[in-house]
Asks: 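Take this structure first; my questions come after.
Fair warning: this is a prediction, and the values are worked out from it, not measured in the lab.
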Amino acid sequence: MAQQTDIRAGGASSRPTAHDTSVLDNAVWAALDGPHSHLAERVGRAARYPDDVYAFAALADPRDPAAWADLHTLVGPATTVRIKPVETVPEGWDIVGGGVGVQLVDTALRAEHAPEAIRLGPDDVPEILDLVARTHPGPFLKRTIALGTYLGIRDQGRLIALAGERLRPPGWTEISAVCTDPAYRGRGLATRLVRAVAAGIRERGDIPFLHAAADNANAIRLYESIGFTLRRRSPILLVRSPGTSHPGAVL
C-alpha cells in the first residue's frame, strides 16, 4: 500500500481536519460501493460503471480470485475492460494494454467560487464532447455528466473551458475533465474552474483529489503549484476476460 498523505485542515472553514486516505487506494471500487452505488452494475465483489458513463470496472480486492470470477460473470467472456489499480491478472485473463497514472490529493488548494462559471447539464453534452475531443483531458462519455457537478466558462456563448466531478469515494471527490480550448490557454481558466469545483466539493464536507497520466508532466506541475500533493502512482490495465465471444466486445 502506498504511503498515506496526512491531510490537515486549511482553506475553507468547512474542510474536515483529516480524512482517511485508504479508500483512495481502490477509488473506483470505493465509489461504486458507496456514493455511486446507484450507478453500479454489480455482481458480488465486482462492479462497473455503465459503459456510457465511465468505462472502468473495479474489484473489492484485486488479490481475490472470487472477485475476478464475479467480474467474469459481470462482463462476460472475451470482453475487454479497463481496471485499476491492478498489477497482475489470474490465469486465463489477458493484459492487452495499459499505462500508469498518478493520484494527487488536496493539501493546500485555495478553493473559491468563480462568478463566470456556469453549471453544465445534459443539453451541454454535445459541446462538452467537442471540447474534450479537441483537448484530450481524459475520458468523457455521453452520460459522464451524471457523475457530479460540471462547470464551464463560455465566451460569446461558446464553451471554452471545463472541469467537473467524477469518482466519489466516501469523504472524497475527484476533479476531472479539466480542459481549456487551445485558443484560450494561458489565462488561468482551468485553475479558476478547479478552484470553483473544489469549493462545491468542500461545502459538502469532501476533500478534492484528482488523477493524471504519469507522463503528463505539465498537468502534474500545474496541480502541484495550486495546492495538490502527489500521493501515489498506480497501473491502469486493459484486460480481456477468458472465453470466446463476438469480436470487438469492449467495456
Asks: So which heavy atom on V102 is nearest to which on A213, and how close?
Replies: CG2-O, 4.3 Å
Asks: If I take atom OG1 from residue T191 and atom CZ from residue R110, how far apart are they, to the nearest 0.5 angstrom?
Replies: 9.5 Å
Asks: Would you say Y223 and V178 make side-chain contact, with heavy atoms under 4.5 Å?
Replies: yes
Asks: I need the minimum non-hydrogen distance between E165 and G148, along with the two atoms involved.
Replies: OE1-CA, 3.7 Å
Asks: Do the side chains of I236 and H211 get nearer than 4.5 Å, heavy atoms only?
Replies: no
Asks: Any side-chain to backbone donor/acceptor pair from H36 onto L167? Under 3.5 Å, distance only.
Replies: no
Asks: Looking only at heavy atoms, which two atoms of K84 and V28 are closest? And how far apart?
Replies: CE-CG2, 3.8 Å
Asks: Treat each ILVMFWY residue as a node, draw an edge where side-chain heavy atoms are under 4.5 Å apart, and state whether I118 and I175 are in one component.
Replies: no
Asks: So do L141 and Y54 actually touch side chain to side chain, heavy atoms under 4.5 Å?
Replies: no
Asks: What heavy-atom pair brings P62 and V86 nearest, and what distance separates the two atoms?
Replies: CB-CG2, 3.9 Å
Asks: Counting heavy atoms not belonging to R63, are there more than 12 under 6.0 Å from its CZ?
Replies: no
Asks: Between T144 (side chain only) and V53 (backbone N and O only), is there a donor and an acceptor less than 3.5 Å apart?
Replies: yes
Asks: Considering all heavy atoms of both residues, which atom of L24 and which atom of P169 are nearest to each other, and what is their separation?
Replies: CD2-CG, 4.1 Å
Asks: Quick check: are there more than 12 heavy atoms from other residues, nucleotides or ligands sitting under 6.0 Å from CD of E224?
Replies: yes
Asks: Nearest 0.5 Å please: distance from the CG atom of L39 over to the CZ atom of R143.
Replies: 7.0 Å
Asks: Between I207 and V105, is the side-chain contact (heavy atoms from CB on, under 4.5 Å) condition met? List the steps.
Replies: CA-CA 8 Å; I207 293 178; V105 295; 5.7 Å; no
Asks: Go through it in stages, so that I can follow the logic: the residues are H113 and L151, the test is side-chain contact (heavy atoms from CB on, under 4.5 Å), and I'd like the CA-CA distance, side-chain angles, deciding distance and then a yes or no.
Replies: CA-CA 11 Å; H113 292 287; L151 301 179; over 6 Å; no
Asks: Are V194 and L230 connected in a single hydrophobic cluster, I mean Ile/Leu/Val/Met/Phe/Trp/Tyr linked by side-chain heavy atoms less than 4.5 Å apart?
Replies: yes
Asks: Can you list the steps and then say if L109 with R195 is a side-chain contact (heavy atoms from CB on, under 4.5 Å)?
Replies: CA-CA 7 Å; L109 177 67; R195 296 190 194 280; 3.9 Å; yes
Asks: Between L159 and D124, is any pair of side-chain heavy atoms under 4.5 Å apart?
Replies: no
Asks: Shortest non-hydrogen contact from F140 to A177?
Replies: CD1-CB, 4.2 Å
Asks: Salt bridge check: are R231 and D25 linked by an N-O gap of less than 4.0 Å?
Replies: yes
Asks: Is W29 reachable from L238 through a run of hydrophobic residues whose side-chain heavy atoms are each under 4.5 Å from the next?
Replies: no
Asks: Return the CG to CD distance between L120 and E127, rounded to the nearest 0.5 Å.
Replies: 8.5 Å
Asks: Out of D33, D64, D70, which one pairs with R45 under the salt bridge (Lys or Arg N to Asp or Glu O under 4.0 Å) rule?
Replies: D64
Asks: Check whether any side-chain N or O of T79 sits under 3.5 Å from a backbone N or O of S241 as a donor-acceptor pair, and report yes or no.
Replies: no
Asks: Under a 4.0 Å threshold between the charged nitrogen and the carboxylate oxygen, would D155 count as salt-bridged to R187?
Replies: no
Asks: Could you measure the distance from the CG atom of L189 to the CG atom of L162? Nearest 0.5 Å is fine.
Replies: 11.5 Å
Asks: What distance separates E116 CD from R154 CZ, expressed to the nearest 0.5 Å?
Replies: 13.5 Å
Asks: State whether the side chain of D181 and the backbone N or O of A183 hold a donor-acceptor pair below 3.5 Å, judged by distance alone.
Replies: yes
Asks: Please determine whether side-chain contact (heavy atoms from CB on, under 4.5 Å) holds for the pair C179 and L131, giving the CA-CA distance in whole Å, both sets of side-chain angles, and the decisive distance to 0.1 Å.
Replies: CA-CA 8 Å; C179 57; L131 181 60; 3.9 Å; yes
Asks: Do N26 and P85 come within less than 4.5 Å of each other through their side chains, counting heavy atoms only?
Replies: yes
Asks: Between R202 and D106, is any pair of side-chain heavy atoms under 4.5 Å apart?
Replies: yes
Asks: Are W172 and Y49 connected into the same hydrophobic cluster when the rule is that any two of I, L, V, M, F, W, Y join if their side-chain heavy atoms are below 4.5 Å apart?
Replies: yes
Asks: Quick one, N216 and N218 - any side-chain contact, counting heavy atoms below 4.5 Å?
Replies: yes
Asks: Are side-chain heavy atoms of V197 and Y150 found at a separation under 4.5 Å?
Replies: no
Asks: Tell me whether V132 is reachable from L210 by hopping between hydrophobic residues (I, L, V, M, F, W, Y) whose side-chain heavy atoms are closer than 4.5 Å.
Replies: no
